[in-house]
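Notes for the one structure printed next.
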Amino acid sequence: MRVVTWNINSVRLRINSVKKVVKKLNPDILCLQETKCLKEDFPFKDFEKMGFIDTEAFGIKGYNGVCIASKHPINSIKKHIFCNKDDARHMSIKFLYKNRKISIHNFYVPAGGDEPDPKINVKFKHKLKFLEEAAKLFSNKKSVNNDLVVLVGDLNIAPHEMDVWSHQQLKNIVSHTEIEIKKLKKFLKSFQFEDAIRLTQGYEKKIYSWWSYRAKDWKKSNRGRRLDHIWVSQKMSKHLEKTFIEKNIRGWKRPSDHVPVVADFKFN
DNA sequence: ATGGTGGTCCTACCA
């Protein structure tokens, strides 16, 4: 069973890239962030043609927006509101796979602006509050040891030294500051999640999922960050087979600044 | 070098 997460940065502009990625990766579950598309404008027909039985999406005009497309019938959907804001940053579904109930959570964590000080930057304050509320959502759950849960998304934080091109140069840059990383780790621990990428690939090598549009040559300078994540519950981690990141897609024509992150699971 | 580029939808705002 394959789960793919990708910050698409406009699903309508890049619908052909989505089709190519689906053809190439054949995901069971595709989670998108920054669809930048109202539900009434969402290209549901295209997702149907790609082979998805159920596609759930919602968004606000211009900003954020999340989608989960599934090749297995979706049994239930939840959308959680964080920080009392009218935005579209979370969606979760449940579905059956080989008679097992699996939950998928798709998150788009606020980017947080430029200034890494919650006292003067309301966007950064929002980001920290969002992470706190997200952690609370999971720490309230009782079934931590028995549930098959996958949490994916653009979490807009690169937590480890090898998740950024230069730990030294980014430690005061939003996405890699100590305060955010602490909140993210608390979020991770709220349901005893495992970081699937690092669990399968170790902590030694540099791994990125995002390269800025502002670089002259993203590939040559390679100043990336690992902002996109796949987390698995303890029980789900037993079924985790492998993970990989589709870096080459950053080099496609009119790319998103993020690339798809993939996790494969095996069930008997 | 406090820039750079790329989204949405027309004017700023977001990343």
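Since the model is a prediction, treat every value here as computed from it, not as a measurement. So you know, we letter chains A, B, ... as the sequences are listed, proteins then strands, and number each from 1.
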Tell me whether the OP1 or OP2 atom of B/dG7 has a side-chain N or O from A/R14 closer than 4.0 Å. yes
A/R254 side chain N/O closer than 4.0 Å to the phosphate oxygens (OP1, OP2) of B/dG7?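 Looking at the OP1 and OP2 atoms of B/dG7, one of them is under 4.0 Å from a side-chain N or O of A/R254.
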[X] has an atom [atom1]; how far is it from atom [atom2] of [N], in whole Å?
X	N	atom1	atom2	value
A/F42	B/dT8	CZ	P	14 Å
A/K253	B/dG6	NZ	P	13 Å
A/L13	B/dT5	CG	C1'	14 Å
A/W210	B/dG6	CH2	C1'	12 Å
A/Q33	B/dT8	CD	C1'	18 Å

Runs of at least three consecutive pairs that involve DNA chain B, where pairs are Watson-Crick or G-U with distances under 3.5 Å: B:5-8 with B:12-15
Just jot down the side chain to side chain donor-acceptor pair (under 3.5 Å) partners of A/N64, sequence neighbours excluded, or say none. none
May I have all residue pairs that pass side chain to side chain donor-acceptor pair (under 3.5 Å) and include part of residues 259-268 of chain A, sequence neighbours excluded?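 Every pair satisfying side chain to side chain donor-acceptor pair (under 3.5 Å) with a residue in residues 259-268 of chain A: A/R2-A/D264, A/K242-A/D264.
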Residues clustered with A/F191, ILVMFWY side-chain links under 4.5 angstrom: A/F82, A/F107, A/V109, A/F130, A/L131, A/L137, A/F138, A/V144, A/V149, A/L151, A/L155, A/I157, A/I181, A/L184, A/F187, A/L188, A/F193, A/W231
Measure the shortest side-chain to side-chain distance between A/R14 and A/S256 over non-hydrogen atoms and say whether it is less than 4.5 angstrom.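 Result yes, sub-4.5 Å side-chain heavy-atom pair found.
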Which atom pairs, one a donor and one an acceptor, fall under 3.5 Å between side chains of residues 46-60 of chain A and the rest of the protein, sequence neighbours left out?
{"residue": "A/D46", "atom": "OD1", "partner": "A/K19", "partner atom": "NZ", "Å": "3.3"}
{"residue": "A/D54", "atom": "OD2", "partner": "A/I74", "partner atom": "N", "Å": "2.8"}

Across the strands shown, which category fits A/K216 at heavy-atom distances under 4.0 angstrom: base, sugar-phosphate, nothing?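 A/K216: no heavy atom of the nucleic acid under 4.0 Å.
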Please list, for nucleotides 13-15 of chain B, all pairs of protein and nucleotide N/O atoms separated by less than 3.5 Å.
{"residue": "B/dC14", "atom": "OP2", "partner": "A/K123", "partner atom": "NZ", "Å": "3.4"}
{"residue": "B/dA15", "atom": "N6", "partner": "A/R214", "partner atom": "NH2", "Å": "2.5"}
{"residue": "B/dA15", "atom": "N1", "partner": "A/R214", "partner atom": "NH2", "Å": "2.8"}

Quote, to the nearest angstrom, the C1' distance that separates B/dC9 from B/dG4. 22 Å
